[in-house]
Amino acid sequence: MKNRRIKKTYALLLAFSMLVVLALSGCTGGKSAGEVAPEGKGDSGGSSGEQVTITHYTMDSEDRTFIEKLVPDFEAKHPNIKVRIEKAPYEQFDSKLQTLIAGGKSPDVTSHYGYGGFAEYFNKDMLLDMNDIIKEDGFKASDYSIPDDLMDIYTIKDHVYGIPVNMYVTLMLYNKDMFDAANVPYPPSDYEDKSWTFDKMVEEAKKMTHVSDDIAKTQYGVDFTWSERDMRPLYFGVEPYSQDTWTNGGVPSETHFDSPEVIATYNKLFDLILKDKVSPTTEWSKSVAGQNGDAFVTGKVGMTVSGSWSLAGSNDFPFEVGVAAVPAGGNDKIRSVLFVDPLFILKGSKHPKEAFEWIKYLVSEEVQEKSIDLSGGNPPVNTKAAEAYYKHFEGIDPEDVKKVYEGAVKYGFESYNHLITNYSQINDMFINEMQPIDTGHKTVEEVMPTIQKKVTEIIKR
Amino acid sequence: MRTIPTASPSASPSTNKRRRKIDAVSIASFIALVVTTFLMLLPLFFMVSTSLKSKKELLKFPPTFLPDSWQWSNYKEIFETLNFGQMYMNSLIIGTLTVVGTLLSSALAAYGFARYRGKGSNLWFMLMLSTMMLPYPAIMIPQFILFSKLNWIDTFLPLIVPAFFGSAYNIFLLRQFFSTLPDELFDAGRMDGCSELRMWWRIALPLSGPALATVAIFAFIYSWNDLLTPVLYLSSSDKFTLPVGMSSFTSSRFRIPPWHLLMVASVLAMLPIVTLFAIAQKRFVEGIVLTGIK
């Protein structure tokens with residue numbers, strides 16, 4: 001009897017202690033994240049006399065860490081500034097950044113290389129308003145040949161929060177070998193060629209598509225992965241997010257994912273897979289190219305619409321590649337999605353002025369040009385350095401790359417993933433909810449009301 | 001008396017039959033086991049074969065079983081392109097010290113919990129167990145602040161020192177094992193004037209081979225595979241561990257990952273674990289069986 005009572009007391013004590021421990025740990029985590037972050041705010045520190053060290057936090061992959069090779073040159077030109085490059089893998093990029101900031105070890109310069117986009121950083125109040133520094137420094141985007149409309153992307157209510165450094169566009173890559181085999185003329189690289197439309201693309205894709213029971217013999221005409229799923233209606237001229245999204249830091253007041261117009265656009269896209277059968281299903285792509293692989297690189301897909309980062313790997317593709325304009329889909333103004341990567345100064349930076357010197361160095365014409373080779377094909381934001389970029393790819397006519405880039409800028413819109421808040425959650429939700437359409441278990445009409453409801457919830461978080 | 005002779009002639013053919021039946025079953029199960037073994041070995045086979053393929057061959061579809069040309073140079077390349085030797089060394093240092101730390105601290109704490117009854121010892125034990133319920137992300141930031149105040153960022157210390165303060169799971173495992181050791185041994189030790197610490201070192205530890213081997217393997221594998229902690233605490237490339245270095249291969253969303261090099265790295269990274277397991281296998285399996293009964 002006595003024993004049992006003691007056991008009971010222990011059990012109660014145990015339960016209580018666990019609660020306390022859990023609650024305490026929960027508190028510390030949240031509190032420190034919020035409290036410590038603003039530390040060092042307004043502390044512009046480091047006058048030009050003494051030596052200061054700034055940290056550039058970046059993603060650990062070759063096309064990002066090449067900046068380590070630029071550091072000696074920069075330090076020679078700026079003897080009072082030392083640059084330290086800190087890196088983390090893509091998957092852990094955001095967790096490490098959060099921890100560094102909360103731990104009072106905030107880096108000075110970074111970009112949104114993890115899951116979170118600009119809007120997420122901005123709404124978490126992590127970014128420094130660069131207006132004062134720009135004013136003091138006399139920085140003009142035009143001196144660095146950065147187009148004004150690119151500067152606007154990371155400017156909110158006339159406050160600059162990021163300086164663009166790389167610009168990826170959406171383009172079409174095509175497999176010349178497959179075009180030749182099917183006797184189809186190559187698609188044009190000129191955006192002004194109005195005969196190059198979505199419907200024509202489908203027609204040509206049909207000529208290259210062979211669906212067979214033998215997976216090794218199956219090939220498809222086109223893989224249309226224009227931006228992320230939620231942005232695709234824009235390609236056909238339908239805007240699912242309200243206009244105020246782009247001016248108030250990525251929080252839409254309204255979304256229209258269940259409207260008949262939006263549903264019609266998704267039906268058009270899913271018809272490629274389900275009705276015309278010219279595009280592969282996700283399952284097929286996964287089976288030939290691996291979990292996150294791109295089926296195009298296996299040489300089993302004639303055309304792909306995707307980001308220009310695919311171009312960087314083109315020298316290794318086991319077939320001949322060409323670039324073409326994204327066909328016109330009914331939106332007169334927008335045909336290409338831009339992915340402009342900016343550099344931010346974090347609020348926790350103790351040396352924002354020196355950090356800005358480093359940013360200016362990275363966007364200067366000479367360094368932007370050098371970076372193309374060092375990174376293995378990163379597209380510069382500096383329009384003068386861009387000429388060198390167009391010539392970078394083996395076997396692809398520089399004229400074509402240039403036309404595709406210029407057309408993309410003219411008919412471009414910045415990717416939603418940089419602009420809308422809580423984007424990683426929105427994107428995951430879209431992938432999960434649209435899966436049953438891809439496999440034919442549900443129709444677009446059945447799925448869209450749920451998506452509309454969930455988007456609204458996620459945005460409110 | 002009569003039943004025995006009548007039973008025995010009829011019994012012997014039946015046992016024969018049964019024996020034959022068992023043989024058929026065992027042959028079938030043997031075949032099934034061999035097939036399963038091959039299935040299990042297939043990914044391993046592909047890992048080794050991919051590690052010897054050329055960059056162009058990686059993209060071939062359908063994939064080839066054996067490389068067209070055997071690229072042994074891949075194994076050289078990984079040491080040249082990536083600071084692979086250094087990373088390997090770092091992982092080994094951290095892994096070994098983690099094992100030493102975990103064994104010493106967990107065994108000592110477990111010995112205390114197993115052999116001494118004091119007021120509230122059960123309560124302390126349960127409190128300790130409750131720390132198992134804390135997920136790492138919950139303590140990530142406070143711990144980072146602590147180590148950053150100690151100026152331990154970008155050193156191996158945050159990865160090694162915590163191991164010297166015991167871990168709940170291992171303490172639990174060892175305590176269960178220590179409590180099965182007969183009291184008489186310790187009484188005898190005490191009679192001969194053996195100190196408590198010496199009894200731990202001379203009696204408890206030598207008798208707990210399987211349990212200690214289990215803990216050692218668990219600790220090593222955990223430390224060897226851990227990615228998040230080294231990512232958080234290490235910032236200079238020459239201090240990176242293997243998982244950190246290897247993740248940089250697939251980190252870029254812009255390139256085709258160099259699968260051949262990744263597979264080379266995986267083959268090499270697997271070696272210490274396989275070796276450790278081969279050495280400790282007998283004891284490890286015993287350990288699992290023993291702890292499974294408890």
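Lettering follows sequence order; numbering is per chain, from 1. Side chains included, hydrogens not; waters and symmetry mates left out as well; all remaining heavy atoms used.
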Of all heavy-atom pairs linking A:A102 and B:I141, the shortest is CB-CG2, 3.6 Å
Of all heavy-atom pairs linking B:M140 and A:T99, the shortest is CE-OG1, 3.3 Å
Taking a cut-off of under 4.5 angstrom between non-hydrogen atoms, the residues of residues 40-49 of chain B near chain A are none
Under a 4.5 Å heavy-atom criterion, the part of residues 235-242 of chain B in contact with chain A comprises B:S235, B:S237, B:F240
Rounding to 0.5 Å, atoms CG (B:L227) and CD (A:Q92) come to a distance of 4.0 Å
More than 12 heavy atoms of other groups within 6.0 Å of [X] [atom1]:
X: A:E320; atom1: CD; result: no
X: A:F393; atom1: CZ; result: yes
X: B:M270; atom1: CE; result: yes
X: B:F38; atom1: CZ; result: no

Heavy-atom cut-off 4.5 Å, strictly under: side chain, backbone, both or neither for [X] against chain B?
X: A:K87; answer: both
X: A:T55; answer: neither
X: A:I85; answer: backbone

Are the side chains of A:E91 and B:S247 in touch, meaning some heavy atoms are under 4.5 Å apart? no
Note: vs chain A, highest number of non-hydrogen pairs under 4.5 angstrom among B:V231, B:D154, B:L228 is B:V231
Honestly, the part of B:I153 sitting under 4.5 Å from a heavy atom of chain A is side chain
